[in-house]
Structure formats: structure tokens, C-alpha cells
A.B. asks: 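Got a structure here, written out as C-alpha cells. Questions coming.
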Amino acid sequence: LATTDALTGLRNRRKFDTVIDAEWRRALRQHTPLALLMIDADHFKAYNDAFGHQAGDQVLVGIAICISDSARRAEDCAARYGGEEFAVLLPGCSPADATKVAESIRLKVEQWSDKPGVTTVSIGVASITPVVTMEWSGLVEAADKALYTAKRNGRNQSVAATPASLSLVAYFLFVSDAPRIRPAETHALIVAKTGRDITCLDAGLALRHLFIRRTRRVPPRCALRRAR
């Protein structure tokens with residue numbers, strides 16, 4: 001099976017999933033941090049519509065080159081995650097170091113374009129030291145959430161996941177009766193146990209993640225509405 005994206009030359013999604021699973025297990029054994037960057041090309045659909053798919057492909061190749069030039073360690077894994085979205089796995093990277101890599105990528109993309117401001121990227125950053133009760137999907141969710149925060153804040157920027165969002169799922173995987181806890185109660189428990197304040201929406205997402213992890217199915221919409 002192919003492991004490389006034909007257009008950009010980066011790893012493809014299949015290979016990325018294999019690598020992140022292996023690196024997650026390694027970080028768990030060695031008690032080291034694992035960082036992830038989720039990168040999205042800003043206004044890509046509008047660019048494609050205005051200049052054509054061939055020009056859009058050139059933008060994706062240019063972004064891939066900027067990513068490869070910034071994530072240069074042998075253990076780093078840069079991949080085309082899907083469409084105009086990219087992922088960069090950075091084993092052993094703290095939040096500060098991962099943010100530096102993210103900003104390096106963002107600035108190179110911004111400077112690479114021959115028309116300033118036309119081609120930019122938004123980046124979500126997350127870094128965590130795995131524990132046995134967590135899965136790597138939680139790292140992806142945290143980086144993805146940070147990415148959408150960057151989008152909402154105006155694009156062309158890097159945003160790091162907050163400590164509360166990173167510790168949220170990890171903490172509640174220890175709570176045996178968490179599926180029966182309402183989000184409002186979850187919020188109070190997090191404040192009491194971790195000293196970190198988070199929104200009730202985040203608390204609800206933690207319970208949803210725990211439900212999926214334990215039952216391997218997505219809860220029905222009506223159940224989610226009742227939980228809120």
C-alpha cells in the first residue's frame with residue numbers, strides 16, 4: 001500500500017495513522033511529550049474557485065515544502081491529512097518548541113507566496129505526555145480544536161491548546177462513573193481536582209469522548225441533548 005501523498009510528497013493519512021500510533025506508544029513507555037500540529041490552508045476553496053485547481057495544487061505543494069523545511073528531524077512526521085489540511089507529528093517536543101515549529105511554517109508560507117496575504121495557513125498546536133488511560137485521538141482532537149480557534153480568531157496564526165483542554169480527557173478516563181456525570185457536575189469536579197476552569201461545553205465533550213472510547217459507538221443526538 002502507498003505511504004506517500006502523490007501530490008505533495010509528504011506521508012499520506014494511512015501512514016500518518018500508523019506513525020502516530022507507534023510514537024504514542026513510544027512516548028507512553030518513555031514518559032516523553034508528543035506534539036502535533038494541525039495545519040489548514042486559509043480560504044483555499046475561494047482560491048481554487050478564483051485561480052483553478054492547478055493553481056490550488058501548486059499552493060498545496062508550496063505549503064508542503066515549507067512544512068518539510070521546518071520539520072527536519074528524522075523522527076518528525078509530516079503528512080497530508082486530507083484536502084488542504086496537513087498534520088505534523090513532533091516526538092519529544094514541548095508546547096513551546098512545537099509552537100516555534102508552527103510559527104516557522106506559518107511565516108515561511110506567508111513569505112513564499114508571490115502575492116503577500118494571498119496564501120496563508122492557520123495552525124493548531126497540542127503537546128502532551130501520554131498516560132495509559134489516554135488514546136492518541138485525544139491529541140488530535142486537542143490540536144484540531146486549537147486549529148479552529150485560530151480560524152475563528154482571524155486566520156494566519158498559530159494557537160496552542162490550553163492546559164485544561166489537554167488534561168480534560170486524561171482526568172476523566174480515571175473516573176469510573178463518568179458516563180453518569182452531567183457536564184455541570186463535570187465542570188465542578190475539574191475545578192476541584194485540577195484547579196483549572198473550563199467551559200461546560202468542554203466538559204460535555206469529555207463525556208462524549210469517554211462514551212465513545214468505552215462503547216465504541218457514537219451516542220445518539222437525543223442523549224447528547226439530555227446531557228446538556
Side-chain angles (χ1 to χ4, degrees), residues 1-24 26-27 34-93 97-115 118-128 135-151 155-161:
L1 296 176
T3 60
T4 303
D5 177 65
L7 176 64
T8 63
L10 300 179
R11 308 284 180 85
N12 60 20
R13 175 68 181 275
R14 181 188 296 109
K15 180 62 176 178
F16 174 81
D17 286 347
T18 301
V19 172
I20 193 173
D21 185 70
E23 290 295 342
W24 180 268
R26 187 199 310 274
L34 184 63
L36 176 65
L37 313 181
M38 296 299 292
I39 305 167
D40 191 76
D42 296 328
H43 304 295
F44 185 74
K45 185 179 184 302
Y47 188 94
N48 249 357
D49 292 342
F51 300 101
H53 290 286
Q54 186 173 3
D57 286 349
Q58 292 175 353
V59 167
L60 295 179
V61 171
I63 292 173
I65 292 172
C66 294
I67 292 172
S68 298
D69 196 46
S70 299
R72 305 179 66 176
R73 301 180 307 166
E75 62 269 32
D76 295 340
C77 177
R80 186 180 180 190
Y81 201 72
E84 68 272 24
E85 194 169 16
F86 300 85
V88 182
L89 193 65
L90 302 169
C93 265
D97 290 337
T99 301
K100 288 179 182 178
V101 176
E103 277 297 284
S104 174
I105 293 170
R106 186 187 67 81
L107 291 172
K108 284 178 181 177
V109 171
E110 188 177 45
Q111 295 164 5
W112 162 76
S113 176
D114 57 351
K115 297 178 180 178
V118 173
T119 304
T120 60
V121 293
S122 298
I123 306 177
V125 183
S127 176
I128 194 168
E135 294 180 348
W136 56 261
S137 59
L139 178 64
V140 176
E141 289 172 9
D144 203 46
K145 183 177 179 180
L147 168 61
Y148 282 99
T149 299
K151 290 283 191 181
R155 297 180 169 83
N156 191 24
Q157 59 187 276
S158 302
V159 171

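Below, all heavy atoms of this structure are taken into account, side chains as well, without hydrogens, waters or symmetry copies. Just so we're clear, the structure is a prediction, and the values are computed from it rather than from any experiment.
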A.B. asks: So which atom in Trp112 and which in Val59 form the shortest heavy-atom distance, rounded to 0.1 Å?
C.D. replies: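 Of all heavy-atom pairs spanning Trp112 and Val59, the closest is CH2-CA, 3.8 Å.
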A.B. asks: Is there side-chain contact between Ile128 and Trp24, with heavy atoms separated by less than 4.5 Å?
C.D. replies: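 Yes, close enough: below the 4.5 Å cut-off.
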A.B. asks: Out of curiosity, Ile67 CD1 to Arg72 CZ, how far, rounded to the nearest 0.5 Å?
C.D. replies: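 Rounded to the nearest 0.5 Å, the CD1-CZ separation comes to 14.5 Å.
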A.B. asks: Nearest 0.5 Å, please: how far is CG in Asp40 from CZ in Arg155?
C.D. replies: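 Rounded to the nearest 0.5 Å, the CZ-CG separation comes out at 8.5 Å.
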A.B. asks: Under 3.5 Å, side chain of Ser68 to main-chain N/O of Ala64, donor-acceptor pair present?
C.D. replies: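 Flag set: sc Ser68 to bb Ala64 pair under 3.5 Å.
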A.B. asks: Determine whether Arg106 and Asn156 make a side-chain contact, defined as any pair of heavy atoms from C-beta on separated by less than 4.5 Å.
C.D. replies: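 Sidechains of Asn156 and Arg106: in contact.
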A.B. asks: Can you tell if the side chain of Val121 reaches within under 4.5 Å of the side chain of Glu110, non-hydrogen atoms only?
C.D. replies: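 They are not in contact (no side-chain heavy atoms under 4.5 Å apart), so the answer is no.
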A.B. asks: Report the residues that fulfil side chain to side chain contact (heavy atoms under 4.5 Å, CB included) with Asp144, sequence neighbours left out, ordered by chain and then residue number.
C.D. replies: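 Only Met38, Glu85, Leu147, Tyr148 meet the side chain to side chain contact (heavy atoms under 4.5 Å, CB included) criterion with Asp144.
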A.B. asks: Would one find more than 12 heavy atoms of other residues, nucleotides or ligands at under 6.0 Å from atom NZ of Lys100?
C.D. replies: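 No, because the 6.0 Å sphere around NZ of Lys100 holds 12 heavy atoms or fewer from other groups.
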A.B. asks: So Glu84 and Asn48, do their side chains get closer than 4.5 Å, heavy atoms only?
C.D. replies: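 Side chain of Asn48 against side chain of Glu84, heavy atoms only: no contact under 4.5 Å found.
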A.B. asks: Would Ser122 and Asp42 count as having a side-chain donor-acceptor pair, cut-off 3.5 Å?
C.D. replies: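 A pair is found: one side chain offers a donor N or O, the other an acceptor, under 3.5 Å apart.
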A.B. asks: For the OG atom of Ser137 and the CD1 atom of Ile20, what is their distance to the nearest 0.5 Å?
C.D. replies: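 Those atoms lie 9.0 Å apart.
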A.B. asks: Taking all atoms of both residues into account, what is the closest heavy-atom pair of Ala160 and Ala146, and its distance?
C.D. replies: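 Reported closest heavy-atom pair: C-CB, 4.2 Å.
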A.B. asks: Hey, what do you get for CG (Leu36) to SG (Cys93), rounding to the nearest 0.5 Å?
C.D. replies: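 The distance works out to 11.5 Å.
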A.B. asks: Report the residue from Ile39, Val61, Val109 that forms a side chain to side chain contact (heavy atoms under 4.5 Å, CB included) with Cys66.
C.D. replies: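 Of Ile39, Val61, Val109, side chain to side chain contact (heavy atoms under 4.5 Å, CB included) with Cys66 is met by Val109 alone.
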A.B. asks: Tell me the closest heavy-atom pair linking Ala71 and Leu90, and the distance in Å.
C.D. replies: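 Scanning both residues completely, I find the closest heavy atoms to be CB-CD2, 4.3 Å.
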A.B. asks: Taking only Lys NZ, Arg NE, NH1 and NH2, and the carboxylate oxygens of Asp or Glu, determine whether Lys45 and Asp49 approach each other closer than 4.0 Å.
C.D. replies: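 A salt bridge links Lys45 with Asp49.
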A.B. asks: Closer than 4.0 angstrom, basic N to acidic O: yes or no for Arg26 and Glu23?
C.D. replies: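 Counted as a salt bridge, because a side-chain N and a carboxylate O are separated by less than 4.0 Å.
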A.B. asks: Can you see which heavy atom on Phe16 is nearest to which on Cys77, and at what distance?
C.D. replies: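 Answer, listing the atom of Phe16 first, then Cys77: CD1-SG, 4.2 Å.
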A.B. asks: If you measure from CZ on Arg11 to CG on Asp76, what distance do you get to the nearest 0.5 Å?
C.D. replies: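 Result: 10.0 Å between the selected atoms.
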A.B. asks: Using the six-membered ring wherever Trp is involved, compare the ring planes of Tyr47 and Phe51 and label them parallel, tilted or perpendicular (cut-offs 30° and 60°).
C.D. replies: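 Tilted: the ring planes of Tyr47 and Phe51 meet at 30° to 60°.
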A.B. asks: Nearest 0.5 Å please: distance from the CD atom of Glu103 over to the NZ atom of Lys108.
C.D. replies: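 Reported to 0.5 Å precision, the distance equals 12.5 Å.
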A.B. asks: Looking at Ala78 and Leu10, what are the two nearest heavy atoms and their distance?
C.D. replies: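 Residues Ala78 and Leu10, closest heavy atoms: O-CB, 3.6 Å.
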A.B. asks: I need the minimum non-hydrogen distance between Val125 and Ala102, along with the two atoms involved.
C.D. replies: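 Result for this residue pair: CG2-CB, 3.7 Å.
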A.B. asks: Side chains of Phe86 and Leu37: closer than 4.5 Å at any heavy-atom pair?
C.D. replies: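 Sidechains of Leu37 and Phe86: no contact.
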A.B. asks: Taking the side chain as everything from C-beta on, heavy atoms only, tell me whether Asp17 gets closer than 4.5 Å to Arg13.
C.D. replies: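 Yes, close enough: below the 4.5 Å cut-off.
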